[in-house]
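Just below is one structure, and these are the notes that go with it.
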Amino acid sequence: MPRTKIRLHTLGRIARMAFRHRTRMSVTIAFAVVAGAFQLWIPQLLGAAVDSSFTFFQRGASIEEAQSVLLLSAALLFGASVAHGVFTMLHNYHAEAVGQFIGYELRLAIYEKVQRLSFSYHDAMHSGDLITRGMLDIEGVRLFVNTGIVRLIVLSVLVGAGSWLMISTEPVLGLVALSFVPIVGWRAIVMRLRLRKSWHGLQRRLSVLTRIMEENLGGIRVVRSFGSQDYEMSKFDRTSNRAFNLTRHRIGVRVRNATFMSFAYFISMGLVLTVGGAMVLDGSITVGRLTEFLAYLTILQMPVRQMGLLVNSIARATTSGERLFDVLDREPEIHDKPGAPALKLKKGVLTFDSVGFAYEGQDEKEHTLTDISFEVAPGQTLGLVGPPGAGKSTIAHLIPRFYDVSSGSIRIDGQDIRDVTLVSLRRAVSVIQQDSFIFTSRLENNLAYGNPWVDRDHIEWASETAQLHSYIEQLPKGYRTLVGERGVSLSGGQKQRLAIARMLVLQSPIMVFDDSTAAIDAATEQRIRQGLASIAHKHATVVIAHRLSSLMHADEILFIDGGRIIERGTHQSLLRDGGRYAALYALQTNPDEDEAVDAKVFSRDGGLNV
Ligand code: ATP
């Protein structure tokens, strides 16, 4: 039962969103009721027209008199049909408009929430899943206004009032006429629920197809170089075939049920003719009344069949709504404390004090970081080196609070970073990630991403320092060149230099380079470092690298392994100590030297230590 409660709660919440547009919803409902009333008037007009024809015929009225009354009936019928059409159009228009408003509001709310949700949420949630929530689920909720709420009102008016009109005038004939309602209604609902179930299956199969295609396009070079086109083709064909079979199954369900429903409907039409015809013959009802009932039957056929669509809309809105509200109701784990002040920058000294950290789901023993302590002041550089998976990037991600420490603290100028606003903290810290993401936009826009008001001289200085300016200058459109997926393709090294320049534009007091020069050749990296030397006194710098030439100039170097600092010192002191750092240096400068070096750098199981 709690499940039902949650579902009703979800539908109620969507309905409340719709009724926030009070005027439009009231107008929609009023128009839907009026449209239904006009539609139900049509059978009565038809019945009256048939009866009056018979009356004229029986009492031998003049042609003119008969014509004028019949013309009036035809005009009324025409007017009722037009009014029904106009009010249907109006209520559809307003319901669609409310649905579109809700879609617009939800799209913004979801996008805004996704910007704020913590990284731990994004780690656990597939981005494709979030995109589905942002598109398909919003569509499910949006459509509920017209295909759920308004359809429920229209069906209630037509089936409810129509049934009442028939039963209250001729109870027996009414019951005979309505005999198809439960059968067809039940069948329509069963069919829709079956189609809905297979729709989910179809969506899953289509998303596998999309993923296969995405991977194929993304990894096209790997596919071609391994000559795996046939394998890829058969993989695609298999999944495509499964989707095709399911589509055939769906067509079967639809055709079988539609035929059954038409059959049930025509049987009750036949029953009405048989029972009604006998009643006409024994004089208990007029031919007009029988015509009226047959017309009611025709009118009721569609809404009864649409009961399935209504149930489908309710089911879809419930699932979609639950998934959307799950995102909207989630509070970001990383947030400002109430009344938190902005970070007050004096010098820009970064301190790690016995920091321990575990990712969500990790227990005490498998902590990613344990007891990490260091301090970097402006003008100083800290180097972090260690084997893959040692925890270096995790250290970088803790500084702008992508995650919160599990123990210990991180301070900037003595202020715990959890006590200040996120905006002020992230303004003070720039991290260049391992994968430099480039937006599909002009080079100048990518460079000014962090500060759109920055002047051109500053942008050029940043790209000059990152050794990118001369490359940009020789492009036909220079800084206005479009880059990204639809623009000029940049090499890995060019992307990294663009990311460095983008960070330099910001001039943050704390700069973190997370393996951000791995794709840049050593000579270019050397020139970038020389360029940075002129501003180094203003910044505390953290450099993470596998190539020791990238960080051997650092004031302090930490060798991290298994989330712990296992060696620390300057390049010279670490070499003197003759530990893992010295072994790595020997391997990088003279790889063939001797086996003892190999033994230190490689772990016991034969894996590379760095
Ligand atoms: P590399 O040199 O390869 O970049 P690293 O030293 O930077 O490695 P981290 O990326 O900090 O290592 O990862 C440290 C450990 O934490 C690894 O075991 C990794 O699998 C794990 N890890 C990293 N990110 C997450 C995450 N978002 N959720 C759970 N575990 C993670």
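Order of appearance sets the numbers: ligands from 1, and atoms from 1 within every ligand. Being a predicted model, the structure only gives us computed values, none of them experimental. Atoms considered below: every heavy atom in the structure, side chains included; atoms not considered: hydrogens, waters and symmetry mates.
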Can you check side chain to side chain donor-acceptor pair (under 3.5 Å) on Thr351 and Glu375, steps first, answer last? CA-CA 4 Å; Thr351 312; Glu375 189 163 287; 3.2 Å; yes
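Between the CD1 atom in Ile432 and the CE atom in Met511 there is a gap of 7.5 Å [rounded to 0.5 Å]. With values rounded to the nearest 0.5 angstrom, Asn216 atom CG is found 9.0 Å from Gln229 atom CD. To the nearest 0.5 Å, atom CG of residue Leu447 and atom CD1 of residue Ile500 are 12.0 Å apart.
The single protein non-hydrogen atom nearest to atom 10 (O) of ligand 1 is Ser393 CB, 3.6 Å, given as residue, atom name and distance. The protein non-hydrogen atom at the shortest distance from atom 11 (O) of ligand 1 is Thr394 OG1, 2.5 Å. In this structure, atom 4 (O) of ligand 1 lies nearest to the protein heavy atom Gln434 NE2, 2.6 Å. For atom 30 (N) of ligand 1, the closest non-hydrogen atom on the protein side is Tyr359 CD1, 3.2 Å. Counting protein heavy atoms only, atom 27 (N) of ligand 1 is closest to Asp123 OD2, 2.8 Å. Annotation: atom 14 (C) of ligand 1 to nearest protein heavy atom, Gly389 O, 3.4 Å.
Both the sub-6.0 Å distance and the 45° axial angle are satisfied by Arg456 relative to the ring of Tyr479. Remark: Arg568 is not positioned above the aromatic ring of Phe374, lacking an NZ or CZ atom under 6.0 angstrom from the ring centre and at most 45 degrees off the axis.
Nearest to atom 2 (O) of ligand 1 by heavy atom, out of His122, His397, Lys392, Glu360, is Lys392.
Per-residue contacts place Tyr403 under 4.0 angstrom from the following atoms of ligand 1 (heavy atoms of the residue considered): 27 (N). Interface atoms of ligand 1 facing Thr368, defined by a heavy-atom separation under 4.0 Å, are 14 (C), 15 (C), 16 (O). The Pro388 neighbourhood of ligand 1 comprises atoms 1 (P), 2 (O), 3 (O), 8 (O), with distances under 4.0 Å to a heavy atom of that residue. For ligand 1 and His546, the ligand atoms under 4.0 Å from any heavy atom of the residue are 2 (O).
At least one heavy atom of Gly391 lies less than 4.0 angstrom from ligand 1.
Checked by atom type, the side-chain pair Gln526/Arg529 shows a donor-acceptor distance below 3.5 Å. Side chain to side chain, Tyr359 and Thr394 meet the donor-acceptor criterion of an N or O pair below 3.5 Å.
No part of Phe402 comes within 4.0 Å of ligand 1, judged by heavy-atom distances.
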